[in-house]
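Working notes for the structure below.
These numbers come from the heavy atoms of this one structure, side chains and all, not from hydrogens, waters or symmetry mates. We count residues from 1, following the sequence as given.
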Amino acid sequence: MSKSDFAADFELALRHHMDGRLADAETGYRAVLAAHPRHAPSLHHLGVLAHQAGANDAAATLIAQAIKISPDYAEALSNLGLVQMAQQRNAEASMSFRRAIALKPGYAEAHYNLGVALDAQGEFEQALTSYETALKLRPAYADAACNRALALHALERPAEAVVAYQKTLTVAPQLVRLHTYLGIALCETGAYAEAVAAFEHGIAAAPEDPATYFCLSEVHAARRDLAASTEALRAALLRMVDAGALSLPDIPPPKRNQAVAHFPEALRAALKCLDAAGIEVFLTAGTLLGAIRNGDFIGFDKDVDLGVSSRVPMADVAAALSTDPDFSGNWRPGGDGVLYCWIWRNRVAIDFFRFYEEGDQVWYGLYRNGHRVKWMHKPFALIDFDWLGMKTRIPEDSEFFLEEVYGPDWRVPDPDCGQWACPNIEGGFPPVCRNLAHADIFKALWKRQRSRAKHLCVQALELDPHDDFFAALLKAFDNAVVGSQQGGARSVPEVSIVERMARLSDAEGATPER
């Protein structure tokens, strides 16, 4: 085969490749390589074919061979980076893209790909720079504009992200998921009405997408419209069912929170500060449950729970904890809410539940977007309790206290117990708790925690046996054939939509799982 012949054969194979005739393309590339084994473009494109077929190890080998023959092959270096990202080798991918850019500084795709690799490593500032460079080189580069907006959002610059999302949607309206991201960024700037409009645009463009309905539910909750929020959550759950989420294999949540190992040290530090200030606190909720039932912290608990009398000004608690630089808190001067959280060494959250006297009862609670949840108790005295080498205080009849919160089966561990399912909640199953139940079931399904989602559904139905929606959802769980769906029931984009939106309107705190 002459040089002109194999050049023509390569061009024909490349046209086959570009037109989607992959088998013909592979035959053509191999024919060229049979005559000219060191033809770098054929090795490179054969590697691209392997990557497209999911054979990334073979792809990396073929493209590396092409680069060895032709070290200044910028396109091959960029495609090697794509293969390395598919292999979860993001740091190596970044190096490949940088080598391609060094050879070809005007290579917009390499700058964009470098941004994607940096994103995957959490290097959002550097990723933003790469996307902006790609856009300077190619102003109409829709993917780069999209990822630039996402990077701004990831950098907690929501106002700039709003402008970037809006600009991108004007030039790339096909990127319908950006309506959802735009809505989240608008929520983060407090523009709730505009956020509702953005989510509604997203639903109109992709009515089957459960995540956008979830986001709409959260902004309705933030606007204190629980009825509209619950309606949107039901729509989100129905779309999860339609997407086959109930048939996916279960991915159980972790059995242990790694931060629990630091709970004793965090509690010891808090008690030292508070004791020095003469402030009495006591173990409550999940921390008390662990101390009495397990003699230790519960392995799957999320935080440390302490009770404090509402007669104690939170300014005094804040002043006491401020003596230890390891603590940071969400209390602000003038704050007089029912629950505050301090973080120890950016590792451990300590919730301070304020206990109020009301008639012949005491209560503590939380607010979810202006709606209060109250856990009611009989009045109790406090007693000393030596625990894990610490002198603490607990309710005198702690077993009765725990039964009030968790019911008669409180000795049986239940990591999937809903915070809204406690028997001592005022009103039984008020609208705010019903809304929380829908949200928790959705979030469990989103994480593919099928068993947890079903258990939460059972708890909701126990609280209201006449709720037709929960009854129908439980029936759908029972009828689903687990394993009949493969892969995911959803396509997860670059930024976690549900997790990001959920943090905007999460309750101020919660009783932990039982």
Ring centroid separation Tyr165 to His179 under 6.0 Å: no
For the ring pair Phe282 and Phe401, is the centre-to-centre distance below 6.0 Å? no
For [X], give me all partners under salt bridge (charged side-chain N to carboxylate O under 4.0 Å, His left out), at least two apart in sequence or on another chain.
{"X": "Asp360", "result": "none"}
{"X": "Glu160", "result": "Arg157"}
{"X": "Glu396", "result": "none"}
{"X": "Asp386", "result": "Lys391"}

Contacts of Phe352 that satisfy ring pair (Phe, Tyr, Trp, His ring centres under 6.0 Å) - sequence neighbours left out: Trp342
Can you list every pair that meets side-chain hydrogen bond (donor to acceptor under 3.5 Å, both in side chains) and has a residue in residues 469-483, with sequence neighbours left out? Lys454-Asp478
Between the main-chain N or O of Ala421 and the side-chain N or O of Glu462, is there a donor-acceptor pair closer than 3.5 Å? no
Validation: residues 258-273 side-chain donor-acceptor distances under 3.5 Å, sequence neighbours left out:
residue, atom, partner, partner atom, Å
His262, ND1, Arg347, NH1, 3.2
Glu265, OE2, Arg345, NH1, 3.2
Arg268, NH2, Leu388, O, 3.0

May I have all residue pairs that pass ring-ring contact (aromatic ring centres under 6.0 Å, His included) and include part of residues 220-259, sequence neighbours excluded? none
Are Lys378 and Asp397 ion-paired here, with the side-chain N under 4.0 Å from a carboxylate O? no
Counterpart residues, side-chain hydrogen bond (donor to acceptor under 3.5 Å, both in side chains), relative to [X] (two or more places apart):
{"X": "Glu194", "result": "none"}
{"X": "Arg393", "result": "Glu280, Asp384"}
{"X": "His371", "result": "none"}
{"X": "Ser94", "result": "Gln121"}

Qualifying residue for ring-ring contact (aromatic ring centres under 6.0 Å, His included) with His438, from Phe469, Phe429, Phe214: Phe469
Would you check if Val338 and Tyr356 make a side-chain contact, meaning some heavy-atom pair closer than 4.5 Å? yes
Residues Asp414 and Tyr406: side-chain donor-acceptor under 3.5 angstrom: no
Under a 3.5 Å threshold, yes or no: a donor from one side chain and an acceptor from the other, between Thr230 and Asn435? yes
